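Have a look at the structure below before the remarks.
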Amino acid sequence: MKKLRKAVLPVAGFGTRVLPATKTIPKEMLPVVDRPALQYVVDEAREAGIEHFVFVTGRNKGAIEDYFDRAYELEYSLKAKGKTEIYDALDRDTPKAGTMSFVRQQSALGLGHAIWCARDVIGDDPFAILLPDVLVKAETSCLAQMVEAYNKVGGNVIAVDAVPQERVSSYGVIAPKSREGRLIEMSGMVEKPPAAEAPSNLKITGRYILQPEIMDILKDQEAGAGGEIQLTDAMATLMNQQAFHAYEYKGQDYDCGSKIGYFEAVLAYARDHEEIGAEALEMIKRFGNQ
Ligand code: G1P
């Protein structure tokens with residue numbers, strides 16, 4: 001079994017649900033306390049052993065590329081002023097040269113199409129997908145939990161989590177068949193079903209480990225829900241050809257693509273922040289009592 005070392009992060013979306021902030025700032029760069037949302041996702045992937053990141057970008061997303069580059073003037077100035085702690089923290093987050101690739105999606109045809117745009121960089125390797133809209137706060141990173149499962153069962157593994165039935169129509173939803181601990185065998189999956197027709201209340205959370213054959217399916221995938229080329233539809237086909245499991249991870253996810261999800265993420269990460277956590281919690285309590 002090939003080691004999982006590549007991840008695709010689709011970052012071409014407009015971020016319409018958090019306009020006007022996202023008119024000039026990519027939604028993935030919105031700060032959650034003191035780090036861009038995207039940095040948390042990269043950290044999650046690194047914890048899982050990911051060594052190469054493929055960003056599928058679009059117009060007006062240049063800030064992402066710059067963010068992962070070295071900032072010589074800033075670094076020089078921090079060093080000169082003896083601010084070594086801040087310098088060291090920046091240095092830790094900066095990726096090694098050659099470990100990030102950027103490809104353009106060019107047209108917004110859907111998540112499935114975005115992933116397919118990364119095919120040449122992925123080649124014959126298994127790869128992870130992390131949707132950076134979704135932050136998953138967990139003791140062991142969500143992708144690292146999935147990798148542990150993947151190392152046992154191989155094939156394809158996707159993260160799922162139970163949501164209230166009335167919310168299933170916003171997600172990809174799986175049809176579970178049998179379960180062993182947190183690993184679930186499936187009989188199918190469907191993108192954004194009406195609540196009454198959903199096969200379960202287990203939603204796909206935006207973390208995937210897939211085999212490269214998904215790219216061959218995506219090449220000819222027709223538009224599905226919302227008129228977009230859906231990754232879920234291609235996975236439903238791959239499921240008939242290869243081992244495919246869902247994994248119910250341990251952790252809490254936040255949808256930073258929506259105003260309220262983003263706000264909740266800021267609260268959660270502030271509450272648990274090393275430097276401001278205790279004070280932030282007091283503040284949150286004060287607000288609750290007002
Ligand atoms: C995408 C996927 C969906 C998944 C969701 C998780 O939908 O298509 O299957 O459940 O992310 O956030 P989107 O939110 O991009 O519409």
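These figures come from a predicted structure and were not determined experimentally. For ligands, and for the atoms within them, numbers begin at 1 and follow the listed sequence.
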Protein heavy atom under 4.0 Å of atom 14 (O) of ligand 1 | no
Sole candidate of Asp253, Val32, Leu130 that passes side-chain contact (heavy atoms from CB on, under 4.5 Å) when paired with Leu135 | Val32
What atoms of ligand 1 come within less than 4.0 Å of a heavy atom belonging to Val134?
-> 12 (O)
Honestly, is Lys137 close enough over Tyr254, meaning NZ or CZ under 6.0 Å from the six-membered ring centre and within 45° of the axis?
-> no
For ligand 1, is there an atom lying under 4.0 Å from some heavy atom of Lys203?
-> no
Just jot down the ligand 1 atoms closer than 4.0 angstrom to any heavy atom of Thr232, in number order.
-> 9 (O)
Counting each atom of ligand 1 from 1 as listed, which ones have a heavy atom of Lys192 under 4.0 Å away?
-> 7 (O), 13 (P), 16 (O)
Residue part near ligand 1, for Leu131, under 4.0 Å between non-hydrogen atoms = side chain
If the plane angle is over 60° it's perpendicular, under 30° parallel, otherwise tilted; pick one for Phe55 and Phe53.
-> parallel
Closer than 4.0 angstrom: is that true for some heavy atom of Leu231 and an atom of ligand 1?
-> no
Indicate yes or no: does an N/O atom of Ser170 lie under 3.5 Å from an N/O atom of ligand 1?
-> no
Heavy-atom nearest neighbour in the protein, as seen from atom 9 (O) of ligand 1, with distance rounded to 0.1 Å = Glu191 OE1, 2.7 Å
Not counting sequence neighbours, list each pair that qualifies as a side chain to side chain donor-acceptor pair (under 3.5 Å) and has a residue in residues 176-189.
-> Arg179-Glu248
Would you indicate whether Lys250, at its atom NZ, is surrounded by more than 12 heavy atoms from other residues, nucleotides or ligands within a distance under 6.0 Å?
-> no
Ile204, Ile129, Leu111: member with heavy atom nearest to atom 6 (C) of ligand 1 | Ile204
Hey, do the aromatic rings of Tyr40 and Tyr269 have their centres closer than 6.0 Å?
-> yes
Side-chain donor-acceptor contact under 3.5 Å, Gln242 with Glu213 | yes
